[in-house]
Amino acid sequence: MDAFYASVEQRDNPTLRGLPVAVGSPRERGVVAAASYEARRFGVHSAMSSALARRKCPELVFVPPRFEVYRAISLQIRAILAEYTPLIEPLSLDEAYLDVTHNLKGIASATAIAREIRARIREATGLTASAGVSYNKFLAKLASDHRKPDGLHVITPHMGPTFVEALPVGKFHGIGPVTAARMNRLGIFTGLDLRQRSREFLRQEFGKAGEHYYWIARAVDHRPVMPDRLRKSIGAETTFLRDLTSRAEVEASLEPILKKVWEHCERTGLRGRTVTLKLRYADFRQITRSRSGPAPVPDRATLRQVSLELLAPLFPLAKGVRLLGVTLSNLDDKREAAGQQLALGF
């Protein structure tokens, strides 16, 4: 979907159409959840601080998010996709991979399916979607970004390697700004540069991810579409209106975060073996601390205990705390965890 949250707000409020819109809080400590294409022309994007977004675009209109509305529309779109294939791998509320090799309507052309789905979405929701069509997930994702907004792009097997070699590595799905900057320092700026590096070099510099980079530089990606894609983590975090400066404040602010995480565990039946604490200081320096156990965390009290133990070495605070978060990963279904005891050495 194109600028999904912002497009929904512009659809539902005609006075916002044509204006630079940010979904999020305008508060000094707020964060942009989504930006309209009018706002993006000023350099505003998701995850940007509201203060910086306002400096880039003084005319920016902030709209509070309505996640229940976005979820309802996402389900409406998912129902349309399901008419074409059961092989749907959702990435978020507004994005998914589809395998249409053997589709439910017997349509021979993937491009024709993409064109039809986009028309159906527009008719049903009044919103635009962009689609990428290709022979693997990596290229399909690149193609979907290539003609946004309201676009359709196809990368055939003949086109794949050439398309990749001309692309800046920062445009590769899965290569974030930090990794892209590191590649640039190594003299790797494009897909062609990446392809010219040996597998051994990439493994040495980037670990296991180096193997993946080696193959995608050659337009090769054998990952299947995974309709039962498992959630990898459960987390919650809060950015505070003012910096926290005492241990008592930080520990008290941790409680509602733990409550959110454990409520999700209870709803889904998932449990995690790794607890990660995330803390961002007033100067935006961020640290994480993790601890893993042989069995999933059995209850909220244990989650709290481990989180506080991870937090303890950070006191006394050198700077105020701007953000705090807790994540559970290495997830298991609670049925697998039933009866297991957490080891004392967690």
Side-chain angles (χ1 to χ4, degrees), residues 24-25 29-34 46-49 65 67 71 89-95 173-179 207-209 226 228-240 243-244 247 249-282 284-315 317 319-337 340 342-343 345-346:
S25 169
R29 310 302 287 269
V31 176
V32 175
S46 62
M48 176 179 284
S49 73
F67 289 110
R71 290 189 190 98
E89 179 180 338
L91 300 180
S92 59
L93 287 179
D94 66 334
E95 189 171 14
H173 181 55
I175 296 181
V178 174
T179 302
K208 288 193 297 185
M226 301 289 288
D228 297 319
R229 185 170 173 264
L230 295 175
R231 188 185 183 108
K232 294 182 178 179
S233 64
I234 299 169
E237 61 183 42
T238 299
T239 301
F240 304 110
D243 297 335
L244 309 181
R247 182 169 189 157
E249 282 184 311
V250 174
E251 291 186 352
S253 299
L254 191 65
E255 294 301 326
I257 297 171
L258 296 172
K259 181 174 183 288
K260 285 182 183 178
V261 172
W262 199 255
E263 283 177 349
H264 190 93
C265 290
E266 292 288 84
R267 284 198 307 271
T268 60
L270 294 172
R271 300 291 185 266
R273 287 173 287 164
T274 299
V275 180
T276 300
L277 177 82
K278 175 181 175 182
L279 185 145
R280 185 178 298 151
Y281 290 107
F284 286 87
R285 185 170 68 91
Q286 183 170 296
I287 62 171
T288 58
R289 298 289 184 269
S290 298
R291 190 179 300 175
S292 297
V297 174
D299 50 47
R300 180 175 163 183
T302 305
L303 176 63
R304 181 178 186 274
Q305 175 190 337
V306 176
S307 299
L308 290 174
E309 289 173 0
L310 291 170
L311 192 59
L314 305 179
F315 296 107
L317 294 170
K319 299 181 181 65
V321 174
R322 176 186 175 89
L323 175 147
L324 200 60
V326 173
T327 299
L328 269 175
S329 56
N330 288 325
L331 301 181
D332 292 321
D333 190 281
K334 69 178 179 181
R335 290 167 297 185
E336 299 175 10
Q340 294 187 29
L342 195 66
F346 190 95

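These values consider heavy atoms only, across backbone and side chains, with no hydrogens, waters or symmetry-generated copies. Owing to the predicted nature of the structure, the values given are computational and were not obtained by experimental measurement.
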Stepwise side chain to side chain contact (heavy atoms under 4.5 Å, CB included) test for Cys265 and Leu328: CA-CA 9 Å; Cys265 290; Leu328 269 175; 3.6 Å; yes

Is the shortest heavy-atom distance from the side chain of Arg322 to the side chain of Thr239 under 4.5 Å? yes

Go through Leu324 and Thr238 one step at a time and tell me if the side chain to side chain contact (heavy atoms under 4.5 Å, CB included) criterion holds. CA-CA 6 Å; Leu324 200 60; Thr238 299; 5.8 Å; no

Output the distance between atom CZ (Arg271) and atom CG (Asp299), rounded to the nearest 0.5 Å. 9.0 Å

Sub-4.5 Å side-chain heavy-atom contact between Leu311 and Leu279: yes

If a pair satisfies salt bridge (Lys or Arg N to Asp or Glu O under 4.0 Å) and one of its residues is in residues 252-262, list it, with sequence neighbours excluded. Glu255-Arg304, Lys259-Glu263

Nearest heavy-atom contact between Asp332 and Pro296 is OD2-CG, 3.5 Å

Are any non-hydrogen side-chain atoms of Trp262 and Leu303 less than 4.5 angstrom apart? yes

Within the 4.5 Å heavy-atom criterion, are Glu309 and Arg291 side-chain neighbours or not? yes

In the structure I gave you, are the side-chain heavy atoms of Leu317 and Leu244 within less than 4.5 Å of one another anywhere? no

Using side-chain heavy atoms (C-beta onward) and a distance below 4.5 Å, is Thr327 in contact with Lys278? no

If you take all heavy atoms of Asp243 and Ala282, which pair is closest and at what distance? OD2-CB, 3.2 Å

Please walk me through it: do Ser329 and Ser233 pass side chain to side chain donor-acceptor pair (under 3.5 Å)? CA-CA 4 Å; Ser329 56; Ser233 64; over 6 Å; no

Would you say Glu251 and Leu308 make side-chain contact, with heavy atoms under 4.5 Å? yes

How far apart are the C-alpha atoms of Ser292 and Thr274, what are their side-chain angles, what is the distance that settles it, and do they pass the side chain to side chain donor-acceptor pair (under 3.5 Å) test? CA-CA 4 Å; Ser292 297; Thr274 299; 2.5 Å; yes

Glu89 side chain vs Met226 backbone, donor-acceptor pair below 3.5 Å: yes

What one should report as the nearest heavy-atom pair of Ser307 and Leu254 is CB-CD2, 3.9 Å

Please check if the side chain of Ser253 supplies one atom and the backbone of Glu249 the other of a donor-acceptor pair under 3.5 Å. yes

Is a side-chain N or O of Thr268 found less than 3.5 angstrom from the main chain of His264, in a donor-acceptor match? yes

Of the non-hydrogen atoms in Arg247 and Ala312, which two are nearest, and what is the gap between them? NH2-CB, 3.7 Å

Which heavy-atom pair separates Ile287 from Tyr281 by the least distance, and what is that distance? CD1-OH, 3.9 Å

Shortest non-hydrogen contact from Leu310 toward Val275: CD1-O, 3.7 Å

Take Leu323 and Glu237 through the test side chain to side chain contact (heavy atoms under 4.5 Å, CB included) and record every step on the way to the result. CA-CA 7 Å; Leu323 175 147; Glu237 61 183 42; 3.7 Å; yes

Please tell me if the side chains of Val326 and Thr276 come closer than 4.5 Å, counting only heavy atoms from C-beta onward. no

Between CZ on residue Arg280 and OG1 on residue Thr288, distance to nearest 0.5 Å: 11.5 Å

